[in-house]
Amino acid sequence: MDRFTRRSVSRMQGYVPGEQSRAPGIIKLNTNENPYPPSPMVAKALQALPVEELRLYPEPTALEVRKRIAAIHGCDIDSVFVGNGSDEILALCTRAFVEDDGDIGFFNPSYSLYPVLALIRNVATKPVELSADFSWRMPKAYKTSLFFMTNPNAPTGMLHDRSTVGRFCRQLRGVTVIDEAYVDFAREDCMDMALRYNNVLVVRTLSKAFSLAGLRVGYAVGAKPLIAALFKLKDSYNTDTIAQRLALAALSDLHHMKANVRKIRQTRARLSRLLVERGAFVFPSETNFLWLRPPAVPAEVFCKRLRERQIMIRYFCGPRTADFVRITVGTDEQVDRLIEAIDEMGLVGVPSPRGLAVKRKGCR
Ligand code: PMP
């Protein structure tokens, strides 16, 4: 602890992103990136951008990108905000919609950034525990200033149905942010609620279905006063010129994105079947990843054994998640290599029994 840093900051642990290895030969199935390249229109837009243009500041509100998003969702541009990744938008929401004595809600388990954002903002959290099968039963008379509703949820991959989400948004006095990072891989979405209710924002990202995690572009759609609040709080130039140009190109070629999504959904079904055949317990996924209890060995060991074979998947320690692993759906070739490794190492049999995971010190 040093005497210059705020106490709340000294005490907190920052967000830990998944490992970003660039080692050759690695099969990277740990951070839900898209295994296919972005639209060729993105490469064209990058080549067409004169370096001279970087001399000038970017358009501060990402106007052209917002126009395109507004056209896609059939709304006004004042209902659209573009951010430096959807992570930036989630952080802005904690600054815009939570008083200092307010609180922030989310599912447990869910995206592990939310509790960190609450710590940064130095406000209380009000997690909603999901059931043992990760389905959602809302406690009666639940209240919070801001609820992050990941739908489909991460890391479980499960979709909560629209009628339950709608009922929740209507009864919550605070703001519901529906984090639809993975919705392009799902059978339905809740965008209409952002355009109908005055307390709902839908947040999306170009990092997953559009294959642009490295670009850092996300967006929010919702009631104009909520969007106006985000504009007041953002950095002056939160998205750069390159990001704006390439995002516009990607959003102008939805056909490419949808074709990749179709492939990933097919591979998802195949991977799920192959894992079940080997004794895994696989949860129904509406995303580009699978959540499963692996066969034969505890989840952490399963993860480590695959890492020895240059295959990276994600393990989250902690009481709700320690028995499971999350595997991003890669290409069919990557899936073949994964299954080969599982078979060669004999990681097959019945799912590892619950409770095998040891509660480690320092696990968060
Ligand atoms: N929401 C969820 C549920 C996520 O899993 C992620 C990716 N880690 C994000 C938001 C953030 O996406 P990005 O900042 O890349 O737009």
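All values reported here derive from a predicted model rather than from experimental measurement. Indexing begins at 1, ligand by ligand and atom by atom, following the structure's order. All values below come from the heavy atoms of this structure, side chains included, with hydrogens, waters and symmetry mates left out.
Near Gly85, the atoms of ligand 1 lying under 4.0 angstrom from a non-hydrogen atom of the residue are 14 (O), 16 (O). Using a 4.0 Å cut-off to heavy atoms of Lys208, the atoms of ligand 1 that qualify are 7 (C), 8 (N). Contact atoms of ligand 1 toward Tyr182: 3 (C), 4 (C), 5 (O) (distance under 4.0 Å to a heavy atom of the residue). Less than 4.0 angstrom separates some heavy atom of Arg216 from each of these atoms of ligand 1: 13 (P), 14 (O), 15 (O).
Using a 30° and 60° split on the angle between ring planes, Phe316 and Trp291 fall in the tilted class, from 30° to 60°. Between His73 and Tyr219, the angle of the ring planes lies from 30° to 60°, which puts this pair in the tilted group.
For atom 12 (O) of ligand 1, the closest non-hydrogen atom of the protein is Ser86 OG, 3.1 Å. Nearest protein heavy-atom neighbour of atom 11 (C) of ligand 1: Asp87 OD1, 3.0 Å. Nearest non-hydrogen protein atom to atom 8 (N) of ligand 1 is Tyr111 OH, 3.2 Å.
Annotation: Thr150 places no N or O atom under 3.5 Å from an N or O atom of ligand 1; distance criterion only.
With Thr61 as reference, Arg66 is the one residue of Arg66, Lys234, Gln244 to meet the side-chain hydrogen bond (donor to acceptor under 3.5 Å, both in side chains) rule. The residue from Phe134, Tyr114, Phe147, Phe148 that alone fulfils the ring pair (Phe, Tyr, Trp, His ring centres under 6.0 Å) condition with Phe107 is Phe147.
Under the 6.0 Å cut-off for aromatic ring centres, Tyr182 and Phe185 do not qualify, their centroids lying 6.0 Å or more apart.
For the residue pair Ser236 and Tyr57, no side-chain donor N or O sits within less than 3.5 Å of a side-chain acceptor on the partner.
Counting heavy atoms under 4.0 Å from ligand 1, residue Glu88 does not touch it at all. Under 4.0 angstrom from ligand 1, the non-hydrogen atoms of Ser207 all belong to its side chain.
Comparing heavy-atom distances from atom 1 (N) of ligand 1 across Asn151, Asp179, Val203 singles out Asp179 as nearest.
Cation-pi geometry between Lys263 and Tyr36 is satisfied (NZ or CZ under 6.0 Å from the ring centre, within 45° of the ring normal).
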